[in-house]
Enquirer: 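Supplied in structure tokens, the structure appears directly below.
Chain identifiers are assigned alphabetically (A, B, ...) following the order of the sequence lines, protein sequences preceding nucleic acid strands; residue numbering begins at 1 within each chain. For clarity, every value in this text was computed on a predicted model and none was experimentally measured.
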Number of protein chains: 2
Amino acid sequence: MPQADNGAGLSQSLERGLAILSAFTPERPALGISELARMLALTRSTTHRYVATLATLGYLQQDDSTRRYRLGPRVLDLGFSTLGSLELREIAAPHLRRLTDSTGHTSNLAIRDDTDVILIDRVRGRQGRYHHLEFSLHVGSRLPSYCSATGKALLAFMPRPELDRLLDRIDFVQRGPRTLTDRAALLAELENVRRTGVAVNDEELDSALRSIAAPVRSRSGEVVAAVNVAIPWSPVGMDELVSEYGPALRATARQIAAGVI
Amino acid sequence: MPQADNGAGLSQSLERGLAILSAFTPERPALGISELARMLALTRSTTHRYVATLATLGYLQQDDSTRRYRLGPRVLDLGFSTLGSLELREIAAPHLRRLTDSTGHTSNLAIRDDTDVILIDRVRGRQGRYHHLEFSLHVGSRLPSYCSATGKALLAFMPRPELDRLLDRIDFVQRGPRTLTDRAALLAELENVRRTGVAVNDEELDSALRSIAAPVRSRSGEVVAAVNVAIPWSPVGMDELVSEYGPALRATARQIAAGVI
DNA sequence: TACGGCGTTCTAATATTCGGAACATGCCAC
DNA sequence: GTGGCATGTTCCGAATATTAGAACGCCGTA
């Protein structure tokens, strides 16, 4: 059966094997061969061969009783060698901690991956309030950039043509009471970010969730990351919070940038 | 060129592709095609095809200036969906936090992967002392089980034949001033663990590093994880520390076990 | 200018992978 | 019980996806 060409000379087996690994999520932590085969439109025998390979390498584990498979510990190694490879993270760590110590609030370091941001470091503040979403965030979490402070800080300084192509791919979904749900509103907001050097998230991702972020620049001036502090809800206006936390954030971002080789 | 059979019907391409991903470490975060090809004894063209596949899928990123490759953000997703899939981690989280709050010390939840333990959750205590190794540990870290408290807690209750096979694979390296450097000493120590229900690490992994751990059992009675607290060095004797922290650890382990479905 | 190394592309040959068929097992309804 | 259905697993011939060599363009250095 001649198969459609994948495009350029890509490895079908590798692609399929990784698709199998990606099929496991916290919501579906255990999957059987037939289940996987249906999901990926493969035959059971082919699926079994990939799964057997992944299992012998330690990337999957078979449950003795149900005969289904789940992710194995080897997969963790992959993820954490990624984190360890990010020198930015090491440079930023002490500055993040200082930011949290001085403000009392949770701070994060985030990078952009296409239309998302990914938290690559996180220092939890005193767990005063208990915001469900905030609490569930952890290193490795993905958030849409259009409705997060770090995301806006990362988008604001992109070259315009690249930004336009990226915005085309964004699906503006209302996630909080004040989410910016169209491109024009986001663009206007990004203009504010460029003017003030600080990005805010005022209940755009979830209600009662606010945050302020600043971009981190590399030696060459490119924005490579963003730092933020999450601010528990209070009746204080956003402008006031920006005056209160903005300087510390900009300072932290500057200090991190100074350490980047 | 007929190639040696890998064993059973395993997927060569998948195996090689994953070997490429594994070749990236925090020490060697960026690798070129030729470099990878030499490491894995492959031709450059074959290596390139795998790398191109991994790059288009987002698992690798190419550095524009050096043309070398580094791990991409997609790899993080894999690792963290593993963590998210561990329901044990979610169950244990609040109990770990309580343990750290009440003792003031860093606590960990660990599972075993063959001869290693892997930290799957970690709550940092007040950073009073600054122990270099302790500080560098994080979720995802691997430690040898023979010289860690969690490791001994996890080994102690293994069925004897399985334990014997595992011990054969252990290389007893002196890592701290009191490392148990032979099998007999470790076996004797595991007997203590079974008797007291608590495992200790008294400068066996590194100097000035002590820790106490307790095993966590599943519904069926099997030991599936271990909790520990790291204890900053003090002139107090280990026995005294066990009396001080042992009950809280056993209680925490019991509470976690009670939550396991 | 010649050289060696690099990442990359192309291609013919074939080893590796594919998928249908068949087996053993466990589960459920009847 | 018993038949049916779904599962994980194994086998094997067919052929596709993969392989490795050669060649390209590029970049440094000698």
Enquirer: Think T43(B) has a side-chain N or O under 4.0 angstrom from the OP1 or OP2 of dT19(D)?
Expert: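 Answer no for this pair, as no side-chain N or O of T43(B) is under 4.0 Å from OP1 or OP2.
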Enquirer: Answer yes or no: does a side-chain N or O of Q12(A) lie under 4.0 Å from OP1 or OP2 of dT16(C)?
Expert: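 So the side-chain polar atoms of Q12(A) never come under 4.0 Å of the phosphate oxygens OP1 or OP2 of dT16(C).
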Enquirer: To the nearest Å, how far apart are D64(B) CG and dC26(D) P?
Expert: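 In whole Å, dC26(D) P lies 17 Å from D64(B) CG.
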Enquirer: Please report, rounded to the nearest Å, how far the P atom of dT10(D) is from the CG atom of L10(B).
Expert: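 After rounding, the gap between these two atoms is 11 Å.
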Enquirer: Hey, are R142(A) and D116(A) close enough for a salt bridge, meaning a charged N less than 4.0 Å from a carboxylate O?
Expert: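 Yes.
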Enquirer: Between R74(B) and S22(A), do the side chains contain an N or O donor and an N or O acceptor separated by less than 3.5 Å?
Expert: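 Yes.
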Enquirer: Rounded to whole Å, how long is the line connecting atom CG of L36(A) with atom C1' of dG8(D)?
Expert: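 Roughly 12 Å, once rounded to whole Å.
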Enquirer: Taking side-chain hydrogen bond (donor to acceptor under 3.5 Å, both in side chains) as the definition, give me every residue that meets it alongside D206(A), ordered by chain and number, with sequence neighbours left out.
Expert: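 side-chain hydrogen bond (donor to acceptor under 3.5 Å, both in side chains) list for D206(A), sorted by chain: empty.
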Enquirer: Can you find a pair of side-chain heavy atoms, one from L190(A) and one from K152(A), that are under 4.5 Å apart?
Expert: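 Yes, close enough: below the 4.5 Å cut-off.
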Enquirer: May I ask you to say what S13(B) touches in the nucleic acid, namely base, sugar-phosphate or nothing, with a heavy-atom cut-off under 4.0 Å?
Expert: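 The answer is sugar-phosphate, as S13(B) gets under 4.0 Å only of primed atoms, P, OP1 or OP2.
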Enquirer: Base, backbone or nothing for each nucleotide of nucleotides 3-10 of chain C, written B, S, -, heavy atoms under 4.0 angstrom, 5' to 3'?
Expert: ---BBSB-
Enquirer: Please give, in whole Å, the distance from dT17(C) C1' to L14(A) CG?
Expert: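 These atoms are roughly 14 Å apart.
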Enquirer: Hey, is R217(B) close enough to E222(B) for a salt bridge, meaning N to O under 4.0 Å?
Expert: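 Salt bridge flag = no for E222(B) with R217(B).
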Enquirer: Just the rounded figure in Å: distance from P of dG19(C) to CG of L40(A).
Expert: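 In whole Å, dG19(C) P lies 12 Å from L40(A) CG.
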Enquirer: Suppose we screen for side-chain hydrogen bond (donor to acceptor under 3.5 Å, both in side chains). Which residues come up paired with D168(B), at least two apart in sequence or across chains?
Expert: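 For D168(B) the side-chain hydrogen bond (donor to acceptor under 3.5 Å, both in side chains) partners, ignoring immediate neighbours, are R183(B).
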Enquirer: In this structure, how many angstroms lie between the P atom of dA17(D) and the CD atom of E15(A), rounded?
Expert: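 Rounded to the whole Å, the gap is 12 Å.
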